[in-house]
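As structure tokens, the structure follows; a few thoughts come after it.
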2 protein chains.
Amino acid sequence: MALKILIVEDDRNIADLLRLYLEREGYEVSIAPDGLKGLERFRQEQPALVLLDVMLPGMDGWGVCRSIRSESKTPIIMLTAKSETEDKVAGLKQGADDYITKPFEMKEVLARIEAVLRRSGIEPERASRRLVFDKLTLDMDAFELTVDGKKIPTPPKEMELLFHLASSPNRVYTRNQLLDEVWGFDYFGDTRTVDVHIKRLREKLEGVSDQWELKTVWSVGYKFETKNR
Amino acid sequence: MALKILIVEDDRNIADLLRLYLEREGYEVSIAPDGLKGLERFRQEQPALVLLDVMLPGMDGWGVCRSIRSESKTPIIMLTAKSETEDKVAGLKQGADDYITKPFEMKEVLARIEAVLRRSGIEPERASRRLVFDKLTLDMDAFELTVDGKKIPTPPKEMELLFHLASSPNRVYTRNQLLDEVWGFDYFGDTRTVDVHIKRLREKLEGVSDQWELKTVWSVGYKFETKNR
DNA sequence: GCCTGTTTTAACAAATTGTTCACCCAAAAT
DNA sequence: ATTTTGGGTGAACAATTTGTTAAAACAGGC
């Protein structure tokens with residue numbers, strides 16, 4: 001069961017970006033756009049950790065932080081634009097566990113989340129992102145593709161594309177869907193990009209097994225087709 | 001409880017067509033013909049998502065988009081004739097969540113709606129796109145036609161035509177209706193095209209079952225007729 | 001900043017599908 | 001029974017979509 005993280009953030013872009021990265025890491029993410037909804041969601045969903053923006057419409061981040069703290073020990077990481085030390089100190093006094101200033105690096109955020117979780121005695125054990133099919137193993141944690149027992153060095157985009165397709169075997173995805181879901185919703189690029197990545201994946205996977213196949217669905221898109229099931 | 005979608009679009013044909021498809025997917029649809037009525041409806045009905053045409057009489061789409069955004073984070077997908085990238089960027093800056101250029105494919109629209117809803121943390125829970133009749137399975141997610149247990153490779157237009165007819169068994173469709181609804185509202189071609197596709201479908205389905213049939217209704221059109229029930 | 005590997009774009013060839021047309025047959029109308 | 005209208009079909013042709021290659025753009029590590 002994946003660990004749940006609640007993001008309370010009114011800027012849609014930032015929230016989506018966080019979601020993208022956290023989900024890729026195997027967390028379950030939910031987003032609340034303001035303080036009140038944030039509290040509500042918190043009570044409903046009992047997340048393992050809260051990422052909390054300071055500047056929020058309605059009740060601000062500090063208020064939310066105090067409210068959560070008054071009813072639970074759930075770790076809280078504050079997100080803020082200001083980098084003043086006094087703010088940081090104040091924040092920690094209000095009960096936050098850590099503090100990240102915008103603009104932030106995703107790597108930074110991930111590292112801090114894991115650190116805070118570990119400090120709180122929670123094992124960050126993320127959902128396994130590992131798929132196994134006949135003669136094919138796709139391990140997104142180790143970032144390794146294994147074909148017929150041999151590791152095949154594979155660039156990230158190809159890994160993620162294959163992972164995405166193979167996560168829902170036999171389901172067709174249009175190129176635009178794949179661009180949205182693998183490249184990101186704000187990607188403006190050519191749909192043929194997908195074709196090229198598919199082709200390279202096929203080179204790596206060619207003739208390995210007759211149990212599955214990267215199949216073209218004409219005028220629609222691609223799917224990872226499996227035989228039996 | 002079905003998710004509600006508001007369509008703001010002055011072209012009646014396009015709006016109706018969208019309604020048709022969205023309702024088939026299980027959404028609840030309401031339509032507003034111009035910007036002001038669109039805003040009004042938006043406030044009344046609190047839809048889960050808005051499909052918004054850019055070219056509108058009175059207040060244009062961008063204006064509506066800004067107004068909605070100023071009071072809510074409800075996802076907005078813009079519909080527009082222009083395909084310029086700058087327009088797309090501008091659109092996303094105004095607060096739209098996604099952007100579809102006309103003429104659009106219905107499957108594209110559906111896919112994007114789902115993607116946007118998922119991004120917003122709303123579960124799209126749409127109707128399954130799978131039909132099963134005696135010895136016949138039509139799975140639009142996998143894009144597969146199965147006849148008597150065997151997969152039959154079938155081109156997209158045939159799949160969609162059959163899916164369309166079989167979605168409302170025993171209902172007659174005129175050729176023009178089918179051209180509108182399967183080929184697209186802006187399609188301009190010979191009605192005999194439908195005949196040819198029907199013919200090819202019949203070849204694939206010939207003598208498979210006596211429970212259903214692709215039937216001609218003389219001087220009217222075609223229907224997918226089922227026996228009992 | 002340079003180097004290396006990755007991603008994207010562009011161009012062309014190949015494959016698949018969609019459309020039209022002509023001709024003939026079937027159903028309704030007279 | 002004859003005429004008229006609509007439908008079935010096969011094949012040629014057109015259009016669309018995909019595969020593939022190569023080269024340009026880009027990104028991250030040193």
Side-chain angles (χ1 to χ4, degrees), chain A residues 105-108 143-145 151-165 172-184 186-207 213-223 225, chain B residues 83 85 103-105 107-108 143-145 152-165 172-184 186-207 213-223 225:
Chain A
E105 293 280 317
M106 279 303 150
K107 260 185 280 191
E108 184 71 20
F143 226 81
E144 265 172 15
L145 175 68
K151 281 186 204 165
I152 306 286
T154 307
K157 272 284 181 301
E158 283 173 45
M159 290 285 278
E160 305 214 343
L161 177 58
L162 181 57
F163 180 73
H164 200 82
L165 288 166
V172 192
Y173 291 86
T174 67
R175 291 175 176 71
N176 278 317
Q177 256 177 311
L178 293 169
L179 286 178
D180 266 11
E181 294 162 13
V182 176
W183 274 255
D186 51 356
Y187 179 81
F188 307 122
D190 201 299
T191 54
R192 303 309 300 284
T193 297
V194 178
D195 301 27
V196 176
H197 284 86
I198 289 283
K199 189 221 152 206
R200 296 195 185 129
L201 278 170
R202 281 178 174 156
E203 280 171 5
K204 296 185 172 70
L205 304 176
E206 192 172 43
E213 189 183 355
L214 268 181
K215 206 160 187 175
T216 302
V217 181
W218 220 86
S219 94
V220 181
Y222 298 99
K223 65 177 166 180
E225 188 173 272
Chain B
S83 65
T85 309
F104 41 75
E105 293 277 319
K107 59 184 170 229
E108 197 61 41
F143 227 83
E144 265 172 17
L145 175 68
I152 306 287
T154 308
K157 273 282 182 300
E158 285 174 42
M159 290 284 277
E160 282 168 15
L161 177 58
L162 181 57
F163 180 71
H164 199 82
L165 289 166
V172 193
Y173 292 86
T174 67
R175 292 175 175 71
N176 278 316
Q177 257 178 313
L178 292 170
L179 285 178
D180 268 10
E181 294 163 11
V182 176
W183 273 254
D186 52 354
Y187 180 81
F188 197 74
D190 201 301
T191 54
R192 303 309 297 286
T193 297
V194 179
D195 301 23
V196 175
H197 284 86
I198 290 283
K199 181 213 144 205
R200 294 184 182 150
L201 277 171
R202 282 177 172 156
E203 281 170 4
K204 295 185 171 69
L205 304 177
E206 192 172 43
E213 190 183 355
L214 268 180
K215 207 159 189 178
T216 303
V217 181
W218 222 81
S219 94
V220 183
Y222 298 99
K223 66 175 167 179
E225 189 173 87

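Model, not experiment: these values are computed from the prediction. A, B, ... follow the sequence lines: proteins, then strands. Residue 1 opens every chain. In what follows, every heavy atom counts, from backbone to side chain, and hydrogens, waters and symmetry copies are set aside.
- In terms of polar N and O atoms assigned as donor or acceptor, the side chain of B:R200 comes within less than 3.5 Å of the base of C:dT19 in a complementary pairing.
- Across all strands shown, B:T193 has heavy atoms under 4.0 Å from base atoms, whether or not it also approaches the sugar-phosphate.
- Among A:L205, A:T154, A:I198, A:V182, the one residue that satisfies the side chain to side chain contact (heavy atoms under 4.5 Å, CB included) test with A:L162 is A:L205.
- At least one side-chain nitrogen or oxygen of A:W183 sits closer than 4.0 Å to the OP1 or OP2 atom of C:dT8.
- As rounded to whole Å, 14 Å separates atom C1' of C:dT16 from atom CZ of B:F143.
- Here A:T216 reaches the OP1 or OP2 of D:dG19: one of its side-chain N or O atoms lies under 4.0 Å away.
- What separates CG of A:L214 from P of D:dG19 is a distance of 10 Å, to the nearest Å.
- Nucleic acid contact for A:V194: none, since no nucleic acid atom lies under 4.0 Å from a heavy atom of the residue.
- The phosphate of D:dT17 (OP1 or OP2) has no side-chain N or O of A:Y222 nearer than 4.0 angstrom.
- The distance from atom CD of A:E160 to atom P of C:dT6 is 14 Å, rounded to the nearest whole Å.
- Taking CZ of A:R202 as the reference point, atom CD of A:E213 lies at 8.0 Å (rounded to 0.5 Å).
- Protein atom CG of B:L178 is 16 Å distant from nucleotide atom C1' of C:dT19, rounded to whole Å.
- Rounded to a whole Å, the CG atom of B:D195 is 18 Å from the P atom of C:dC23.
- Test B:V217, B:L214, B:V194 against B:Y222 for side chain to side chain contact (heavy atoms under 4.5 Å, CB included) and you get one pass: B:V194.
- Electrostatic pairing of A:K215 and B:E144 does not count as a salt bridge here, judged by no charged N lying under 4.0 Å from a carboxylate O.
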Between B:E160 and B:W183, does the side-chain contact (heavy atoms from CB on, under 4.5 Å) criterion hold? Intermediate values first, please. CA-CA 9 Å; B:E160 282 168 15; B:W183 273 254; over 6 Å; no
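- Going from atom CG of B:N176 over to atom P of D:dG7 covers 12 Å, rounded to whole Å.
- The side chain of B:D190 approaches C:dC21 more closely than any other nucleotide in the set D:dT9, C:dC21, C:dG18.
- Note that CG of A:L201 is 11.5 Å distant from CD1 of A:I152, once rounded to the nearest 0.5 Å.
- Nucleic acid contact class of A:K199 (heavy atoms, under 4.0 Å, all strands): base.
- No engagement by B:F188 is indicated, since no non-hydrogen atom pair under 4.0 Å with the nucleic acid exists.
- Between C:dT19 and B:Y187, a contact under 4.0 Å exists linking OP1 or OP2 to a side-chain N or O.
- Taking atom CG of residue A:L145 and atom P of nucleotide C:dT6, one finds them 13 Å apart after rounding to whole Å.
- Checked by distance alone, B:R192 brings a side-chain donor or acceptor within 3.5 Å of a matching partner on the base of D:dG8.
- Minimum atom distance to the side chain of A:R202 is reached by D:dG19, of the listed D:dT18, C:dG18, D:dG19.
- When each of C:dT16, C:dT8, C:dG18 is scored by its nearest atom to the side-chain atoms of A:W218, the top-ranked nucleotide is C:dT16.
- Atom NZ in A:K157 sits about 12 Å away from atom C1' in D:dC26, given to the nearest Å.
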